[in-house]
Amino acid sequence: MSSKPELHFAEWLARRTQITSHKGGWRIGDAVYNQNLSLLDDVVGSWSWVELLLFNLTGKRPAPALLKWVEWSFICVSWPDARIWCNQVAALGASSQASSVASTSAGILAAESKLYGPGVLPSCYTLLSQLVAQSRSGESIADMVASKQKLPGFTRPIALGDERVKAMQAASLELGFKPGEFERTAVAISDHICDSTGESLNFGGYIVAFLADQGFSCREVTELYTYSIAVGALTCYTDVRNDIPGGFLPLRCEDIRYDGPADRELPKSQ
């Protein structure tokens, strides 16, 4: 879509003072519609929350195996560890006596990192799409890796390897999935770089590879994991909420390692 405002002016005028939706809405006295379904009559009592999420993102009701896979993948990023940066933000919110909504929302925002967390998924998708295209053209794994300055989806902070990948690969086999082209390419790249650097496919890269093989677009993958870390963040909030105010990770100035310029006199005002 063009970004030039003048090209949309007529549309803006036509929509003035109106709220429209292609997804559904509440018809008072009739029903709450979610696309072509009655939310309260057709969905409540039959669907899971994640099933509705997938349906609203893709327009298709997921197969039971895919639904279970997505739910399990959410569990893999729901660690109750306040040392993880986004969970730490939620815990700090509790320590400052902020609400659970504000603290968890802040944790979700913090997770949108360009290096790790849900924020890196678009870069992973772009990279894997390029690698698959290169593989189809007959390039070797070594040449494919050498052509890239960065490999989002194939590194991890602190530790080498990613236990979540192994857990979900086993779960995928249990659910009847077989590795597709994206996943096979990702694993081949992972095996190659592991031999030389010790790095390997991380969970973000694996999520993207698996879901790309299931036909998900980059936007759908990214939107699906928008608040995937919410359970972990909220858990860390509840762990701290009844503690003394400011009791989570208290610091004094001398606890901070400073590597900047040395102390200096402030210039006197003229």
Could you pull out all residues at least two apart from Ala212 that satisfy side-chain contact (heavy atoms from CB on, under 4.5 Å)? Tyr125, Phe182
Expected output: side-chain Ser135 to main-chain Val132 donor-acceptor under 3.5 Å: no
Atom OG of Ser228 and atom CD1 of Ile75: how far apart are they, to the nearest 0.5 Å? 12.5 Å
Are Trp72 and Leu211 grouped together when hydrophobic residues (ILVMFWY) are joined by side-chain heavy atoms under 4.5 angstrom apart? yes
Examine distances only and state if a side-chain atom of Asp162 and a backbone atom of Arg156 form a donor-acceptor pair shorter than 3.5 Å. no
Looking at side-chain heavy atoms only, is the closest gap between Phe55 and Val43 below 4.5 Å? no
Could you tell me the separation between the CG atom of Leu66 and the OG atom of Ser172, rounded to the nearest 0.5 Å? 10.0 Å
Leu52 CG to Gln35 CD distance, which is reported to the nearest 0.5 Å: 9.0 Å
Report the distance from atom CG of Asp143 to atom OG of Ser137, rounding to the nearest 0.5 Å. 10.0 Å
Check: Glu183 and Phe210 side chains under 4.5 Å, non-hydrogen atoms: yes
Any side-chain heavy atom of Leu151 sitting closer than 4.5 Å to one from Glu199? no
For a quick check under 3.5 Å, do Tyr206 and Ser73 share a side-chain donor-acceptor pair by atom type? no
side-chain contact (heavy atoms from CB on, under 4.5 Å) partners for Ala31, two or more places apart: Tyr33, Ser38
Within 6.0 angstrom of Lys150 NZ, more than 12 heavy atoms from elsewhere: no
I'd like to know if the side chain of Ser190 and the backbone of Ala186 have a donor-acceptor N/O pair within less than 3.5 Å. no
Does the side chain of Val165 reach to within under 4.5 Å of the side chain of Asn202, using non-hydrogen atoms? no
The reported gap from CG in Leu121 to CD in Glu223 (rounded to nearest 0.5 angstrom) is 11.5 Å
Could you pull out every donor-acceptor pair under 3.5 Å between side chains of residues 87-107 and any protein atom, sequence neighbours left out?
from, atom 1, to, atom 2, distance (Å)
Asn87, OD1, Ala233, N, 3.1
Asn87, ND2, Trp79, O, 2.8
Asn87, ND2, Asp81, O, 3.1
Ser95, OG, Gly246, N, 3.2
Ser95, OG, Gly247, N, 3.1
Ser95, OG, Phe248, N, 3.1
Ser96, OG, Leu92, O, 3.2
Ser96, OG, Gly93, O, 2.9
Ser99, OG, Ala102, N, 3.0
Ser103, OG, Ser99, O, 2.9
Thr104, OG1, Ser100, O, 2.8
Ser105, OG, Val101, O, 2.7

Backbone N/O of Ser217 and side chain of Glu220: donor-acceptor pair under 3.5 Å: yes
What about Trp69 and Phe216, are their ring centers closer than 6.0 Å? no
Just wondering, do Trp47 and Leu37 contact through their side chains at under 4.5 Å, heavy atoms? yes
Nearest 0.5 Å please: distance from the CD atom of Gln130 over to the CG atom of Leu128. 9.5 Å
Close side-chain approach of Pro118 and Glu112, heavy atoms under 4.5 Å: no
Could you go through Phe74 and Leu53, starting from their C-alpha distance and side-chain angles, then the distance that decides it, and tell me whether this counts as side-chain contact (heavy atoms from CB on, under 4.5 Å)? CA-CA 13 Å; Phe74 274 38; Leu53 173 64; 4.2 Å; yes
Show me the donor-acceptor pairs, under 3.5 Å and distance only, between side chains in residues 251-260 and residues at least two apart or in other chains.
from, atom 1, to, atom 2, distance (Å)
Asp255, OD2, Arg252, N, 2.7
Tyr258, OH, Pro261, O, 3.1

Quick one: list whatever passes side-chain hydrogen bond (donor to acceptor under 3.5 Å, both in side chains) with Glu139, sequence neighbours left out. Gln134
Could you pull out all residues at least two apart from Glu71 that satisfy side-chain contact (heavy atoms from CB on, under 4.5 Å)? Ser48, Val50, Leu67, Lys68
